[in-house]
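Just the heavy atoms: all of them, side chains too, but no hydrogens, waters or symmetry mates, feed the values below. Numbers here are sequence positions counted from 1.
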Amino acid sequence: MKQRALGKQGLVVSALGLGTMGMTMAYGPADEAEGIATIRRAHELGVTFFDTAELYGQGTGSNEKLVGRAVAPFRDEVVLATKFGMDLSRTRPSGFDSRPEHIRDVADNSLRYLETDHIDVFYQHRVDPDVPIEDVAGTVEDLITEGKVRYFGLSEAGPETIRRAHAVQPVSVLQTEYSIFERDVEAVVLPAIRELGIGFVPYSPLGRGFLTAAVTAPEHYAENDMRRIRDPRWQGENFAKNRNGVAQLETLAGEKGIAVSQLALAWLLAQGDDIVPIPGTRNATRLEENVRAVDVVLTADDLRRVHAAFPEGAYGTRYVEANLPVWV
């Protein structure tokens, strides 16, 4: 497995990570044993970067506990990233909670759930409009000094917020949605973090499964699957238009003898050596397919054809309007 550096603080991880959200939420019924087996298979294949969050357990710690159990035999060989900043008590109007005391509580809970003495990467999951980012960065700085955290990350933050946080405590990595489907970061976010020397971790690099052979119409997903109920890219005429674009990608992938998911991941990896996608899967076979994307080489003509299929990304926003992150 190839390695990539994220930021300037010494964080080095596998060129492809593994997102674990779907092992406990958002994509229909899950199997814990399968999730643990998939994480351990990822380690066998050279993946060293595993992404979880307080939110993914909906306040129970279930996702972090699963990850902690899975990596226990090789904890010192991997990088664990988790996140704070959501109001799971539903008592704050913004839906977010990055008050310093809450950050500390989440850190202590995550350490316990993950069964570890340190969190490798601690992300603010979403920017809290009610707490100055300087206070957030300062709290994480204290946790780093105390040895509870090693690297500071942000998620779905805009250039100004990133600069203000970075001035207090160096930000090693920004995590935001980015894929052939979702391109908004290209205009101002990627240039800003590259100026500051911050690495980038794209989540949902496969367009929540649209950029795979497993894509299907929304009514075929489980009742509690987010793609069935609240992803605009799967709804109405957006689905048909996006399916047409993916068909063009499938043609290109077929000519290269690879899966469309591998094409999508290889495209992301080709956007810069400071990018480490974290495709999520709970299936070991799909994981193995994803990992092989690291060795796919795309030509200039391949990149041109990808752009032609989706010149500005997918049809439809990535969240319903009320849930779209606002970058500042």
Side-chain angles (χ1 to χ4, degrees), residues 1-6 13-19 22 42 45-47 49 51 156 173-191 193-194 198-215 227 231 233-234 238-239 241-281 286-318:
M1 171 63 71
K2 299 171 184 176
Q3 306 293 301
R4 291 190 167 191
L6 293 172
V13 299
S14 53
L16 206 69
L18 177 64
L45 294 171
V47 175
F49 192 29
D51 185 88
E156 294 285 359
V173 60
L174 174 72
Q175 181 176 143
T176 299
E177 186 169 354
Y178 184 33
S179 68
I180 292 172
F181 254 30
E182 177 50 48
R183 312 277 277 281
D184 286 351
V185 297
E186 293 176 341
V188 295
V189 173
L190 282 179
I193 64 171
R194 283 172 169 158
I198 297 170
F200 189 73
V201 171
Y203 73 82
S204 296
L206 297 176
R208 299 197 178 96
F210 214 126
L211 298 167
T212 72
V215 63
R227 294 167 293 189
D231 191 322
R233 295 172 294 191
W234 258 269
N238 287 340
F239 179 82
K241 291 178 179 178
N242 289 328
R243 193 66 193 86
N244 179 64
V246 171
Q248 296 177 53
L249 299 180
E250 289 171 338
T251 298
L252 173 58
E255 292 172 7
K256 295 184 71 64
I258 60 176
V260 68
S261 56
Q262 293 171 323
L263 174 65
L265 292 172
W267 179 88
L268 266 177
L269 290 166
Q271 303 310 303
D273 292 337
D274 53 353
I275 291 176
V276 176
I278 50 168
T281 183
R286 292 202 181 103
L287 166 77
E288 292 165 1
E289 181 178 88
N290 291 344
V291 167
R292 290 196 294 274
V294 173
D295 297 318
V296 173
V297 177
L298 300 181
T299 66
D301 187 59
D302 293 336
L303 296 173
R304 180 194 60 75
R305 290 174 65 182
V306 169
H307 181 77
F310 287 101
E312 299 179 356
Y315 293 90
T317 56
R318 56 196 178 112

Task: Neighbour count >12 (heavy atoms, 6.0 Å) for atom CD, Glu312 - done: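 For Glu312, atom CD is not crowded (no more than 12 foreign heavy atoms under 6.0 Å).
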
- [ ] Tell me, yes or no, whether the heavy-atom count around Arg286 atom CZ, taken from other residues, nucleotides or ligands under 6.0 Å, exceeds 12.
- [x]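 Not more than 12 within 6.0 Å, no.
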
- [ ] Say whether, by atom type as modelled, one donor and one acceptor occur between the side chain of Gln262 and the main chain of Glu289 under 3.5 angstrom.
- [x]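 It does hold such a pair.
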
[atom1]-[atom2] distance between [X] and [Y], expressed to the nearest 0.5 angstrom:
X      : Y      : atom1 : atom2 : value
Ile193 : Thr176 : CD1   : OG1   : 7.5 Å
Phe200 : Arg194 : CZ    : CZ    : 9.0 Å
Met1   : Asp295 : CE    : CG    : 8.0 Å
Glu250 : Leu211 : CD    : CG    : 9.5 Å
Leu16  : Arg292 : CG    : CZ    : 12.0 Å

Nearest atoms (heavy-atom pairs only) where [X] meets [Y]:
X      : Y      : result
Leu268 : Pro205 : CD1-CB, 3.2 Å
Ala309 : Gly245 : CB-O, 3.8 Å
Pro279 : Gly17  : CD-O, 3.5 Å
Asn238 : Gly316 : ND2-CA, 3.4 Å
Pro277 : Ala15  : CD-O, 3.5 Å

Close side-chain approach of [X] and [Y], heavy atoms under 4.5 Å:
X      : Y      : answer
Trp267 : Val296 : no
Phe49  : Val201 : yes
Lys2   : Ser14  : no
Leu263 : Leu298 : yes
Tyr178 : Glu186 : yes
Glu255 : Thr251 : yes
Leu269 : Ile275 : no
Asn242 : Tyr315 : yes

Task: Leu265: which of Ile180, Val260, Asn290 passes side-chain contact (heavy atoms from CB on, under 4.5 Å) - done: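 Answer after filtering Ile180, Val260, Asn290: Asn290.
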
TODO: May I ask you to decide whether Asp302 forms a salt bridge with Arg305, counting only side-chain N to carboxylate O separations under 4.0 Å?
DONE: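 Arg305 and Asp302: not salt-bridged.
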
Open item on the list: Taking Glu177 first and then Arg208, would you say they form a salt bridge - that is, a charged N and a carboxylate O separated by under 4.0 Å?
Closed with: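 Yes, this pair counts.
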
- [ ] Under the side-chain contact (heavy atoms from CB on, under 4.5 Å) rule, what do Thr281 and Leu18 come out as? Steps first, then yes or no, please.
- [x] CA-CA 8 Å; Thr281 183; Leu18 177 64; 4.0 Å; yes

Task: Short side-chain donor-acceptor distance under 3.5 Å, Ser204 and Glu182 - done: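 Note: Glu182 and Ser204 side chains miss the donor-acceptor criterion.
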
TODO: Could you check whether the rings of Phe210 and Phe181 sit parallel, tilted or perpendicular, using 30° and 60° as the cut-offs?
DONE: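 Plane angle between 30° and 60°, so tilted.
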
